[in-house]
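Just so it is clear: chains get the letters A, B, ... in the order the sequence lines come, proteins before strands, and each one is counted from 1. Scope of the values below: all heavy atoms of this structure, side chains included, with no hydrogens, waters or symmetry mates. Remember, predicted model here, so these are calculated numbers, not experimental data.
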Protein chains: 2
Amino acid sequence: MKLQQLRYIVEVLNHNLNVSATAENLFTSQPGISKQVRMLEDELGIQIFERSGKHLTKVTPAGKEIIRYSTEILGKVESIKAVANQYTMPDQGTLNIATTHTQARYALPDVIKGFIKRYPKVSLHMHQGTPTQISESVVKGKTDFAIATEALHLYQDLIMLPCYHWNRSVIVPKDHPLANIKHLTIDDIAKHPIVTYIFGFTGRSELDEAFNAAGYKPDVVFTATDADVIKTYVRLGLGVGVIATMAINEDDDFCVLDASHIFKSSLTSIGFRKGSFLRDYMYDFMVRFAPHLTRPLVEKAIQLKYTAEVNKLFEDIELPTR
Amino acid sequence: MKLQQLRYIVEVLNHNLNVSATAENLFTSQPGISKQVRMLEDELGIQIFERSGKHLTKVTPAGKEIIRYSTEILGKVESIKAVANQYTMPDQGTLNIATTHTQARYALPDVIKGFIKRYPKVSLHMHQGTPTQISESVVKGKTDFAIATEALHLYQDLIMLPCYHWNRSVIVPKDHPLANIKHLTIDDIAKHPIVTYIFGFTGRSELDEAFNAAGYKPDVVFTATDADVIKTYVRLGLGVGVIATMAINEDDDFCVLDASHIFKSSLTSIGFRKGSFLRDYMYDFMVRFAPHLTRPLVEKAIQLKYTAEVNKLFEDIELPTR
DNA sequence: CGGGCTTACGAATATCGTAACGATA
DNA sequence: TATCGTTACGATATTCGTAAGCCCG
């Protein structure tokens with residue numbers, strides 16, 4: 001059994017059982033992978049993939065278990081490399097952050113500015129995507145951190161730590177009927193078409209919840225993944241914008257109405273893969289992003305097995321609101 | 001990085017940093033290991049072992065972490081093989097049991113008799129040793145199960161499940177002053193020299209505890225690891241024997257006095273390595289040895305992280321006493 | 001000076017890529 | 001018929017064992 005063989009079966013599965021695509025992605029030849037997979041199967045005396053003729057069609061039950069173990073093995077191999085790098089060049093390495101537009105654009109810039117100043121030799125890569133893509137990217141070990149507001153809790157292999165709460169604001173053009181309202185209510189908003197985040201993004205579910213609770217079916221006429229696009233369409237008069245308060249700039253030419261009393265606040269979390277070795281600078285990144293995530297606290301959280309236990313750990317900690 | 005390299009560094013550590021001994025044990029050449037170790041160090045860019053001249057003297061801090069990850073990796077590699085074997089030949093394989101003389105001689109024979117009848121193709125190996133040796137053997141993956149009464153709880157990487165309680169009896173020659181006593185007390189025993197298990201074996205600590213609590217310093221004149229030897233010396237008139245009740249045969253020519261009211265009962269447990277894949281026949285072995293250890297219960301225990309949680313799981317289960 | 005690690009070197013083996021083949025949808 | 005996996009084969013690397021060298025206790 002070779003590590004490469006394990007790598008191959010994992011990657012073949014990650015590429016929907018398409019060996020050619022896998023080969024291309026790994027910069028190697030397709031027959032090479034094919035042969036190694038077969039050799040592993042021969043050695044173990046069991047099929048990992050089912051074949052119809054010469055196409056891989058599905059993963060056998062045994063294959064599923066084997067691939068799960070293989071993934072864990074490869075993760076630990078990465079950890080060994082990380083340990084070595086930690087000792088040889090503690091301030092050098094790579095940091096891959098998977099996150100949504102909202103975080104990348106509004107929450108992270110200051111943190112990252114400070115971080116790259118302290119660690120100029122760490123090369124930083126931002127991967128934008130949907131919350132689902134973000135989570136999977138971390139689970140598969142392609143990125144180190146997931147930062148998002150939704151969907152992260154669905155993955156059992158992620159350790160998720162709460163970072164901060166945030167609220168929404170309503171934005172309307174200055175000549176809009178709502179512009180000069182004194183106390184905004186959900187009834188006011190419900191009278192107008194709404195422009196907001198696409199479903200599954202940036203705390204969208206809290207918005208739907210509030211409308212449902214008030215007995216409204218919101219007239220969402222336009223959705224986007226990010227506040228910048230939403231603002232553009234609010235400017236065009238498409239409707240009332242509902243965006244994260246932190247996405248509002250000083251010099252925006254809108255009327256901004258706080259809506260923290262209307263919608264429940266959302267929680268942004270940072271997550272990483274269970275069992276992965278964290279470099280010193282990764283601990284430092286976390287504490288920069290969320291000051292309460294001190295190294296001892298994070299290390300304590302790593303020890304825990306269930307999300308429920310992690311949540312309990314943070315019960316008494318007051319999270320900032322932005 | 002190769003699996004073999006990881007195997008080598010782990011084994012070199014297991015052989016007290018003696019590469020030659022490691023090579024002999026692994027049936028390979030010493031220079032081969034030496035070279036692979038060095039190549040791994042070169043690849044990682046870090047020393048795993050410290051050398052004084054050409055001798056390996058100690059493990060570096062980084063090396064310790066790397067070897068810990070390597071051990072986990074190798075364990076999972078074994079799990080992959082076990083998964084494959086489980087599917088190809090569910091009733092065939094190996095079962096290595098590490099245990100003490102007491103268990104091997106008195107508790108296990110019936111279980112094993114039934115087991116080999118059901119699984120004639122599973123080759124069974126018994127490894128006798130001290131509780132410490134037993135635990136280490138399982139931790140290192142040399143054996144599948146540890147069965148013992150003491151010391152198992154000290155190892156964090158073992159999952160330990162309680163099996164049964166047992167009590168002690170006092171044995172004396174038929175012409176001994178204690179032979180015809182009606183109600184045995186600790187004061188009676190304390191008047192005589194004692195022959196019992198060696199320290200660290202077979203619930204020896206409960207014996208010492210009872211004497212201490214009663215304010216006695218027991219006059220232990222002879223100790224052994226097993227009841228057979230103890231019996232021999234009791235026969236010679238060396239003193240009063242205190243042994244596990246289950247170690248008494250029908251046809252022993254002793255006067256046997258139950259001592260369950262004098263010494264706290266001891267608990268025998270079965271343990272296996274965290275994260276190891278258990279074959280079907282291993283689950284079956286456990287349930288044969290301790291009927292309350294059903295597969296669902298064991299699987300639940302495997303999920304838990306801390307010994308305290310495991311103990312809680314067994315709180316409401318009544319264990320047999322033998 | 002003896003046990004024990006490293007270096008050197010050659011034989012056996014494994015890996016990987018190209019090219020040709022075969023099967024499925 | 002096009003896409004995709006398998007087989008065949010040769011060039012290149014890697015591994016492993018033997019033999020010789022060297023260092024510490």
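Classified by interplanar angle (parallel below 30°, tilted 30° to 60°, perpendicular above 60°), the ring pair Phe115(A)/Phe285(A) is perpendicular.
Rounding to whole angstrom units, CE of residue Met39(B) and C1' of dC5(C) are separated by 17 Å. Across the protein-nucleic acid pair, Ile33(A) atom CD1 and dT6(D) atom C1' stand 14 Å apart, rounded to whole Å. Atom CD in Glu43(B) sits about 10 Å away from atom P in dT15(D), given to the nearest Å. Separating the CD atom of Gln36(B) from the C1' atom of dT15(D) is a distance of 7 Å, rounded to the nearest angstrom. If you take CG of Leu26(A) and C1' of dC16(C), they are 14 Å apart, rounded to a whole angstrom. Between the P atom of dG25(D) and the CZ atom of Arg51(B) lies a distance of 15 Å, rounded to the nearest Å. Rounding to whole angstrom units, CZ of residue Arg38(B) and C1' of dG4(C) are separated by 14 Å. Whole-Å rounding puts the Leu56(B) CG to dG25(D) P distance at 13 Å.
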Filtered N/O pairs between nucleotides 22-25 of chain C and protein, under 3.5 Å:
residue: dA25(C); atom: OP1; partner: Ser52(A); partner atom: OG; Å: 3.3

Under 3.5 Å, N/O pairs linking protein and nucleotides 17-19 of chain C:
residue: dG17(C); atom: OP2; partner: Thr28(A); partner atom: OG1; Å: 2.6
residue: dG17(C); atom: OP2; partner: Ser29(A); partner atom: N; Å: 3.0
residue: dG17(C); atom: OP2; partner: Ser29(A); partner atom: OG; Å: 3.2

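Salt bridge absent: Arg7(A) and Glu11(A) never bring a charged side-chain N and a carboxylate O closer than 4.0 Å. Looking at Glu72(A) and Arg68(A), a side-chain N of the basic residue comes within less than 4.0 Å of a carboxylate O on the acidic one, giving a salt bridge. The pair Arg105(B)-Asp228(B) meets the salt-bridge criterion, since a charged nitrogen lies less than 4.0 angstrom from a carboxylate oxygen.
No side-chain N or O of Ser52(A) forms a donor-acceptor pair with one of Thr57(A) less than 3.5 Å apart.
The cationic group of Arg295(A) lies under 6.0 Å from the six-membered ring centre of Tyr283(A) and within 45° of the ring axis, placing it in a cation-pi geometry.
With Gln5(B) as reference, Gln36(B) is the one residue of Lys35(B), Glu41(B), Gln36(B) to meet the side chain to side chain donor-acceptor pair (under 3.5 Å) rule.
Side-chain contact between Thr102(A) and Thr149(A) is absent, with no heavy atoms from C-beta onward closer than 4.5 Å.
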Item to complete: List the steps and the verdict of side chain to side chain contact (heavy atoms under 4.5 Å, CB included) for Thr223(B) and Phe199(B).
Response: CA-CA 8 Å; Thr223(B) 60; Phe199(B) 192 79; over 6 Å; no
Worksheet item: For Asn85(A) and Gln92(A), what are the C-alpha separation, side-chain angles and deciding distance, and is it a side chain to side chain donor-acceptor pair (under 3.5 Å)?
Response: CA-CA 8 Å; Asn85(A) 289 332; Gln92(A) 204 170 330; over 6 Å; no
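More than 12 non-hydrogen atoms from other residues, nucleotides or ligands lie less than 6.0 angstrom from CZ of Phe277(A).
Regarding contacts with the backbone of dC16(D), a side-chain N or O of Gln4(B) is found under 4.0 angstrom from either OP1 or OP2.
Non-hydrogen atoms lying under 4.0 Å from DNA chain C are contributed by Leu17(B), Asn18(B), Val19(B), Ser20(B), all within residues 11-22 of chain B.
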